[in-house]
Amino acid sequence: MRFKLIVAGLVGAAVTAAVVAVAAQTGQGQAPTVDQMRKAVADLRGGRIPRPASYEAMTAEQQAFVKSVLSGPRPDISGSLGVMIASPVFADLAQKTIAYSRFAGREGYSVVPPKLSELAIIMGARAWSAQYAWYVHRRAAERVGLPEAVIVGVRDGRRPADMTPDVAAVYDFCNELLTKKRVSDATLQAARKVLGGDRGVVDLIGTLGAYQLVAMMMVVDEFPLPEGVKPELKN
């Protein structure tokens, strides 16, 4: 019996260590301070949907939402998160899904490679002409190696030329889903091949859907671009 207890203790310690390691890698598990939460709320900006005037002015559910976001991999509650704070329970459910897609490639997040994830994200932003989402994620796409010619093709609403097989497979999958509201067997098989199977396909669909949610929030809010930045998308 004593031997079993010792083994169980060792296994439990190993599991705990593994969870801590994953949390450290993803940025989770570190609760923000009240000052950090106050600053995040003070930094909020947006358009037609009002933001809370201060951290202290928020409801308990809104404060819990801010704490949840800042306990994860994000340093702030910018963009669509500031719009969704009006409905904090929904916002917290949504932000976890969005983070799962946004931080693709990290342990515990989407298995879609970051380059391909960002392709889906900018295609979702383009579908809704969401200027701020496009502004942020076209630059993120550049950083993770998506070719400029592909980004420009998405921006201009035409199929990019000279895509690598992985990029072409994801572009065709997202484009068919957005424009035809269906995906052919051949396109599905191509996506499976480059994404490592059905989990990758499901993660890709989730990313495209999550970032259409982000885009819609920003379109309704008329979320402003940074000062001095001109819109890149033509309706």
Side-chain angles (χ1 to χ4, degrees), residues 22 25-26 72-73 79-80 84 90 93-219 232-235:
V22 169
Q25 185 174 358
T26 60
S80 64
M84 292 189 285
F90 168 79
L93 294 170
Q95 70 92 3
K96 291 170 183 175
T97 300
I98 295 165
Y100 179 84
S101 300
R102 173 66 182 85
F103 298 98
R106 298 189 188 185
E107 183 71 28
Y109 293 92
S110 170
V111 298
V112 179
K115 178 179 68 174
L116 304 179
S117 179
E118 288 295 339
L119 173 57
I121 289 171
I122 63 172
M123 291 182 75
R126 185 65 189 91
W128 288 92
S129 297
Q131 299 287 356
Y132 186 84
W134 174 268
Y135 166 78
V136 171
H137 285 282
R138 77 146 293 163
R139 285 153 183 79
E142 290 172 351
R143 289 195 297 272
V144 295
L146 193 66
E148 177 70 12
V150 175
I151 296 171
V152 170
V154 174
R155 183 197 67 191
D156 295 344
R158 56 177 173 77
R159 190 179 192 276
D162 300 323
M163 290 186 285
T164 56
D166 58 340
V167 172
V170 168
Y171 177 89
D172 290 340
F173 185 96
C174 293
N175 188 57
E176 282 188 26
L177 195 52
L178 288 168
T179 61
K180 297 181 180 181
K181 307 300 186 288
R182 63 179 300 275
V183 173
S184 70
D185 288 343
T187 300
L188 175 58
Q189 290 300 333
R192 278 180 173 142
K193 183 177 180 179
V194 302
L195 297 174
D198 288 333
R199 178 181 172 181
V201 170
V202 170
D203 279 356
L204 178 64
I205 298 167
T207 298
L208 184 61
Y211 272 86
Q212 287 187 81
L213 170 63
V214 167
M216 288 188 289
M217 290 287 176
M218 292 184 170
V219 167
E232 297 180 34
L233 302 177
K234 297 179 180 179
N235 293 328

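As a basis for the values below, the full set of heavy atoms in this structure was taken, side chains included, without hydrogen atoms, waters or symmetry mates.
- Here the CZ atom belonging to Arg126 is positioned 14.0 Å from the CD1 atom belonging to Ile151, to the nearest 0.5 angstrom.
- Side-chain atoms of Ser117 come within 3.5 Å of backbone atoms of Ser101 as a donor-acceptor pair (strictly under, hydrogens ignored).
- Distance alone, capped at 3.5 Å, places no donor-acceptor pair between the Arg158 side chain and the Val154 backbone.
- Annotation: the span from Arg155 atom CZ to Ile122 atom CD1 amounts to 10.5 Å, rounded to 0.5 Å.
- When all heavy atoms of Leu213 and Ala94 are compared, the pair lying nearest together is CD2-CB, 4.0 Å.
- Remark: side-chain polar atoms of Glu232 are not paired, donor with acceptor, to backbone N or O of Gln131 under 3.5 angstrom.
- Annotation: the span from Lys234 atom NZ to Ser129 atom OG amounts to 12.5 Å, rounded to 0.5 Å.
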Please walk me through it: do Gln212 and Leu178 pass side chain to side chain contact (heavy atoms under 4.5 Å, CB included)? CA-CA 10 Å; Gln212 287 187 81; Leu178 288 168; 3.6 Å; yes
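- Every residue two or more places apart in sequence or in another chain was checked for a side-chain hydrogen bond (donor to acceptor under 3.5 Å, both in side chains) with Ser110, and none qualifies.
- Looking at residues two or more places apart in sequence or on another chain, you find no side-chain hydrogen bond (donor to acceptor under 3.5 Å, both in side chains) involving Asn175.
- Using a cutoff of 4.0 Å between basic side-chain nitrogens and carboxylate oxygens, Arg139 and Glu118 are not scored as salt-bridged.
- Closest approach of Pro73 to Arg106, counting heavy atoms only: CB-NH1, 3.6 Å.
- Applying the ring-ring contact (aromatic ring centres under 6.0 Å, His included) test to pairs two or more places apart or on separate chains, those with a residue in residues 136-178 are His137-Tyr211.
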Output, in order, the C-alpha distance, side-chain angles, deciding distance and verdict of side chain to side chain contact (heavy atoms under 4.5 Å, CB included) for Leu177 and Thr187. CA-CA 10 Å; Leu177 195 52; Thr187 300; over 6 Å; no
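- Closest approach of Met218 and Gly79 over heavy atoms only: CE-CA, 3.5 Å.
- Judged as a side-chain hydrogen bond (donor to acceptor under 3.5 Å, both in side chains), and not counting sequence neighbours, the contacts of Glu148 are Arg138.
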Step by step, work out the side chain to side chain contact (heavy atoms under 4.5 Å, CB included) result for Val214 and Ile98. CA-CA 8 Å; Val214 167; Ile98 295 165; 3.6 Å; yes
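- Annotation for Ala125 and Ala133: closest pair CB-CB, 3.9 Å, computed over non-hydrogen atoms.
- Note that the CZ atom of Arg192 and the CG atom of Asp185 stand 8.5 Å from one another [nearest 0.5 Å].
- Between the side chains of Asp203 and Tyr109, no donor-acceptor pair is found at a separation under 3.5 Å.
- Screening residues 176-195 for ring-ring contact (aromatic ring centres under 6.0 Å, His included), with sequence neighbours left out, gives no hits.
- Separating the CG atom in Leu188 from the CG atom in Leu195 is a distance of 10.0 Å, to the nearest 0.5 Å.
- Summarising the geometry of Met217 relative to Ser80, their closest heavy-atom pair is CB-CB, 4.1 Å, with the distance given to 0.1 Å.
- Partners of Thr164 under the side-chain hydrogen bond (donor to acceptor under 3.5 Å, both in side chains) rule, at least two apart in sequence or in another chain, are Asp166.
- Across all non-hydrogen atoms, the minimal contact from Leu119 to Val150 is CD1-CG1, 4.0 Å.
- For the pair Cys174/Ile205, no side-chain contact is recorded, criterion being any heavy-atom separation below 4.5 Å from C-beta on.
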Please lay out, stage by stage, how Leu208 and Ile121 fare under the test side chain to side chain contact (heavy atoms under 4.5 Å, CB included). CA-CA 6 Å; Leu208 184 61; Ile121 289 171; over 6 Å; no
